[in-house]
Amino acid sequence: MDENEFLADRFEAHRGRLKAVAYRMLGSLSEADDAVQEAWLRLSRTDTTQVENLAGWLTTVTGRVCLDMLRSRASRREDPLEEHLPDPVISPADGIEPEHEALLADSVGLALLVVLESLAPAERLAFVLHDMFAVPFDEIAPMVGRTPAAARQLASRARRRVQRTAPTPDLDLTRQRQVVDAFLAASRGGDFDALVAVLDPDVVLRVDTPGGLRIVRGATDVASQSLLFSRSTSTAQSTLAALPALVNGTAGVIGTINGQPISVMSFTILDARIAGIDILADPTRVASLDLTALEI
């Protein structure tokens, strides 16, 4: 084995972790792949005899690449309609696929990724690298052009926002599925009271459409919106189905019409109620998802 093959093998051993870093930083699976590829290119141009800790070196390089991508993205974004849900990771309802395990470690649900999207790039980097991947602030500081103490403050500020707006959900998949099934049954049956009962009073519904991100808050408004959608689709001369799946490791649903996927629904369950519903309903983005494991 020559030196390049040896280096490639060492890199591949860290690829899963690096993509997990990039996914949390960027919320985009394709951009995460681009960031990991850039990390490989930088490694291939580096004298690795000077690298004592390859895992740490690759993590910080990937973080730097993602930080640059976030800053570039922020400089281009002028229209608030450009906001969208992060890319979902879809697995069969009976368990997360092995290749997704590193990507979804630490319960990285869509609700958490939505909060991360709201952070400034430097805050996001400090929080993701320190809180999720145990990178010391001494290494994070030069990446954001701050002192270690200032980098610590960035992570602390991000942590407070995450704890305030993305509390740890119920991780019991059986209970999650029971709550989701109750929501779907109430929606199909047109039972407004049952819908309100299964929703947290402060529930937030986010729907990603071609026209942008729509947000509905509160149990009564979300229940009304759910019934309106259910009635509008039930009149169509089509075969509708809600297929159970795991969306970022939690109970979710793939909506189909005549066997074609049209939406991805992710639910955040707290205390046996739905605290958040995230729906990807942009046909272009839904069509780009890898749903082969679901055998739709």
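All residue numbers refer to positions in the sequence shown, counting from 1.
Heavy atoms of other residues, nucleotides or ligands lying less than 6.0 angstrom from CD of Glu52 number 12 at most.
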| message | Is there a side-chain contact (heavy atoms from CB on, under 4.5 Å) between Ile274 and Thr268? Walk through the geometry before answering. | response | CA-CA 6 Å; Ile274 296 173; Thr268 301; over 6 Å; no

| task | Apply the test side-chain contact (heavy atoms from CB on, under 4.5 Å) to residues Ile279 and Arg206: give CA-CA distance (whole Å), side-chain angles for both, the deciding distance (0.1 Å), then the verdict. | result | CA-CA 6 Å; Ile279 304 177; Arg206 287 176 286 256; over 6 Å; no

| task | Apply side-chain contact (heavy atoms from CB on, under 4.5 Å) to Leu227 and Leu195, showing your working. | result | CA-CA 9 Å; Leu227 288 181; Leu195 272 175; 3.5 Å; yes

| said: side-chain contact (heavy atoms from CB on, under 4.5 Å), that's the test. Do Val128 and Arg24 meet it? Break it down for me. | reply: CA-CA 7 Å; Val128 167; Arg24 287 155 178 74; 4.0 Å; yes

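Between Arg285 and Asp282 no salt bridge is recorded (no basic side-chain N to carboxylate O distance below 4.0 Å). Contact check on Arg159 versus Asp131 returns a salt bridge, with a Lys/Arg side-chain nitrogen under 4.0 Å from an Asp/Glu carboxylate oxygen.
If you take CG on Leu110 and CG on Asn248, they are separated by 4.0 Å, rounding to the nearest 0.5 Å. Note that the CD atom of Gln225 and the OG1 atom of Thr220 stand 12.0 Å from one another [nearest 0.5 Å]. Atom CZ of Phe267 is separated from atom CD of Gln176 by 11.0 Å, given to the nearest 0.5 angstrom. Between Leu294 atom CG and Ser91 atom OG the span is 8.0 Å, to the nearest 0.5 Å. The line from CG of Leu243 to CE of Met265 is 12.5 Å long, rounded to the nearest 0.5 Å. We find the CG-CG distance between Asp94 and Leu246 to be 7.5 Å, quoted to the nearest 0.5 Å.
Here the side chains of Arg10 and Glu5 are not in contact, with every heavy-atom distance at 4.5 Å or above. In this structure, Glu38 and Thr62 have side chains that are not in contact, with every pair of non-hydrogen atoms separated by 4.5 Å or more. At least one side-chain heavy atom of Val114 sits less than 4.5 Å from a side-chain heavy atom of Leu85. Proximity of Leu129 to Val21: side-chain heavy atoms (C-beta onward) are separated by under 4.5 Å at one or more points. At a threshold of 4.5 Å between non-hydrogen side-chain atoms, the residues Thr250 and Ile269 do not count as touching. Residues Val264 and Ile90 have side chains in contact (heavy-atom distance under 4.5 Å, counting atoms from C-beta outward). Proximity of Pro283 to Pro210: side-chain heavy atoms (C-beta onward) are separated by under 4.5 Å at one or more points. Asp208 places none of its side-chain heavy atoms less than 4.5 Å from the side chain of Asp278.
The closest donor-acceptor contact from the side chain of Glu123 to the backbone of Ala155 lies at 3.5 Å or more, if one exists at all. Checked by atom type and distance alone, the side chain of Arg177 pairs as donor or acceptor with a backbone atom of Gly252 at under 3.5 Å. Between the side chain of Ser44 and the main chain of Leu41, a donor-acceptor pair closer than 3.5 Å is present.
Pairing each heavy atom of Cys66 with each of Met25, the nearest pair is CB-CB, 3.7 Å. Considering all non-hydrogen atoms of both residues, Leu58 and Ala39 come closest at CD2-O, 4.5 Å. Shown here for Phe183 and Ser226, the closest heavy-atom pair between the two residues is CZ-OG, 3.6 Å. The two residues Ile262 and Val286 make their nearest non-hydrogen contact at O-CG2, 3.8 Å. Between Thr59 and Val135, the shortest heavy-atom distance links the atoms CG2-CG2, 3.9 Å. Closest approach of Val207 and Ala281 over heavy atoms only: CG1-CB, 4.3 Å.
Legend: residues meeting side chain to side chain contact (heavy atoms under 4.5 Å, CB included) with Val196, ordered by chain and number and at least two apart, are Phe192, Ala219, Ala223. For Arg160, the side-chain hydrogen bond (donor to acceptor under 3.5 Å, both in side chains) partners two or more places apart in sequence, or in a different chain, are Ser156.
Ring geometry for Trp40 against Phe11 counts as tilted: the plane angle lies between 30° and 60°, on a 0 to 90° scale.
Of the N and O atoms on the side chains of Asp33 and Tyr23, not one donor lies less than 3.5 Å from an acceptor on the other residue.
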